[in-house]
Amino acid sequence: MSSIGTGVRNILFKNELPASTYSPDGRVFQVEYAHKAVDNSGTCIGIRAKDGVVLAVEKLVHSKLLVPGSNKRIMHADKHVGVATAGLVADGRYLVNRARDEAKSYRDTYKTAIPGNTIAERVAQYVQAFTLYSWLRPFGVSALIATYDKTGPGLYGIEPSGGYYGSAIGKGKQVAKTELEKLKSSELTVEEAVKHAARIIYAVHDEVKDKDFELELSWICERSGGVHQFVPKDLADEAERLAKASLQEEMEED
Amino acid sequence: MQTLQSHAAFAPKSHTQQPIVTGTSVLGLVYKDGIMLAADNLASYGSLARFRDVERLISVGNYTIVGASGDISDFQYLKHTLDSVVTKEYSLDDGHELSPSNVYEYLSRLMYNRRSKMDPLWNSLAIGGFRDGEKFLGFVDLQGTTYKSSTVATGFGAYLATPILRKAVE
């Protein structure tokens with residue numbers, strides 16, 4: 001991909017181009033390579049509904065020895081902020097740690113919860129900073145940030161370049177985006193959004209390439225008191241059951 | 001004693017203060033179904049009844065309540081700090097929640113640490129909680145003195161209410 005339009009010399013040196021350098025056609029290769037780390041990771045989607053936001057992650061399980069529910073990919077950055085990452089898990093945790101520091105520092109200064117757009121911007125600026133220097137590599141994650149503040153529910157996406165993005169990241173993002181576009185998310189209740197999110201994650205999961213996966217579902221809404229939490233077990237189990245059932249239906253149709 | 005200043009290069013020097021806007025007694029007792037704390041809603045400015053809608057009892061996490069007497073600005077700082085601690089613990093997502101005894105221990109260390117720097121948070125705190133059928137009631141003050149008991153009373157309540165509470169709880 002990066003060898004299109006470049007000369008022999010660049011093919012030889014392309015892997016050595018640091019993040020602080022442009023390619024002849026104005027690209028920053030390191031940032032593009034960082035995207036690849038994201039694209040190889042399990043899908044994450046977010047849905048901003050009428051009264052809340054839902055995050056769902058296709059958490060690929062690489063070993064049967066892993067305890068179910070361990071190595072979560074959805075994390076809290078403050079009571080009212082949830083973050084789901086796709087890509088290098090360690091980079092994701094590092095980024096969420098920064099989000100936590102930003103949220104705390106805002107609270108310490110202003111004695112109030114950080115607004116959604118503010119924390120999204122702070123995290124985005126931080127990610128972008130790592131694309132400026134040759135001694136740092138860009139973050140190998142894209143993040144979906146779910147927030148709930150005075151202005152209501154918010155969903156923000158950040159990619160390795162530091163730019164804002166859509167509501168689906170990772171392996172199955174194209175299929176997920178298509179499905180998400182069919183939804184009228186602003187008219188959904190958060191309970192309906194949970195069911196759709198589960199269904200879409202199951203729909204994008206590639207049975208052939210990856211066997212085991214765990215579905216992680218979290219939300220932040222009026223019903224949770226504006227607190228980011230994992231979707232209550234009964235609702236999550238129901239959503240998963242419906243998702244599996246709808247997948248069966250589709251398979252039977254084929 | 002070597003020096004009265006804090007060791008960090010950037011921290012301001014702080015010494016023993018005097019409380020300015022203050023709250024009075026907080027009472028606490030255990031009973032059959034749990035614990036109860038009581039406090040009035042007044043923040044005084046010396047002899048002036050300055051702020052009459054102040055909430056001197058707060059909840060910390062899902063199992064604990066803390067009542068404060070003494071300097072209200074220090075209490076507000078304590079509130080903010082405890083809130084940060086609860087949020088941090090929540091973010092860890094490790095299945096653990098702070099128990100009343102954890103909150104008590106945290107406050108005890110915080111208060112004693114401040115007194116040892118000659119920069120106290122000028123409060124007397126009543127800490128009460130109930131978790132899994134277990135009742136908790138404790139006291140921590142600006143000097144770092146701590147104790148647990150079936151009755152607690154801070155401020156003037158320590159003198160006036162203690163005998164009454166003890167008789168009732170027995």
Side-chain angles (χ1 to χ4, degrees), chain A residues 55 57 59 67-85 89 92-114 119 123 145-149 214 216-220 224-233 236, chain B residues 6 8-12 14 20-21 23 43 51 53-66 68 71-99 102-103 106-107 109-110 113-114 117 119 121 123 131-132:
Chain A
L55 290 174
V57 169
K59 191 183 77 174
V67 173
S70 62
N71 301 91
K72 286 208 162 63
R73 296 240 314 266
I74 302 180
M75 299 168 76
H76 313 280
D78 197 330
K79 287 192 281 269
H80 65 300
V81 180
V83 185
T85 54
V89 179
R93 298 180 73 89
Y94 188 80
L95 190 60
V96 174
N97 246 295
R98 176 71 187 204
R100 287 175 182 166
D101 288 346
E102 292 285 0
K104 179 167 192 294
S105 139
Y106 192 93
R107 268 193 200 272
D108 288 344
T109 309
Y110 302 106
K111 287 291 190 316
T112 189
I114 191 167
I119 192 164
V123 175
I145 303 183
T147 64
Y148 198 91
D149 57 30
E214 270 176 48
E216 263 180 64
L217 280 168
S218 77
W219 69 2
I220 173 168
S224 72
V227 174
H228 178 250
Q229 55 179 212
F230 284 89
V231 173
K233 195 167 188 314
Chain B
S6 36
F10 49 81
S14 242
I20 308 294
V21 177
F51 302 105
D53 57 356
V54 171
E55 194 53 65
R56 294 195 293 120
L57 300 173
I58 53 168
S59 71
V60 179
N62 291 325
Y63 309 102
T64 321
I65 31 177
V66 176
D71 190 88
I72 297 297
S73 71
D74 282 350
F75 176 53
Q76 288 173 341
Y77 170 80
L78 219 43
K79 228 191 302 190
H80 182 82
T81 305
L82 285 170
D83 195 49
S84 294
V85 171
V86 171
T87 302
K88 194 149 170 256
E89 291 289 312
Y90 179 73
S91 295
L92 290 178
D93 213 6
D94 56 3
H96 287 286
E97 290 178 285
L98 286 176
S99 275
N102 303 141
V103 176
Y106 180 83
L107 285 170
R109 280 168 199 261
L110 185 68
N113 194 252
R114 290 291 297 252
K117 291 196 285 191
D119 180 17
L121 290 165
N123 297 106
R131 185 174 189 183
D132 297 328

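Letters A, B, ... mirror the listed sequences (proteins, then strands); counts begin at 1.
- Applying the 6.0 Å contact sphere to NZ of Lys104(A) captures no more than 12 heavy atoms from other residues, nucleotides or ligands.
- The line from NZ of Lys88(B) to NE2 of His76(A) is 15.0 Å long, rounded to the nearest 0.5 Å.
- Side chain of Arg100(A) to main chain of Ser91(B): a donor-acceptor pair is present (N/O by atom type, distance under 3.5 Å, no hydrogens or angles).
- Heavy-atom neighbours of Arg93(A) CZ from other residues, nucleotides or ligands within 6.0 Å: at or below the threshold of 12.
- The shortest side-chain heavy-atom distance between Asp93(B) and Met75(A) does not fall under the 4.5 Å cut-off.
- Inter-residue side-chain proximity for Val227(A) and Tyr90(B) is flagged as met; some heavy-atom pair is nearer than 4.5 Å.
- Put simply, CZ on Arg107(A) and CG on Asp83(B) are 5.5 Å apart, with the number rounded to the nearest 0.5 Å.
- Of the atoms belonging to Lys79(A), heavy atoms from both backbone and side chain fall under 4.5 Å from chain B.
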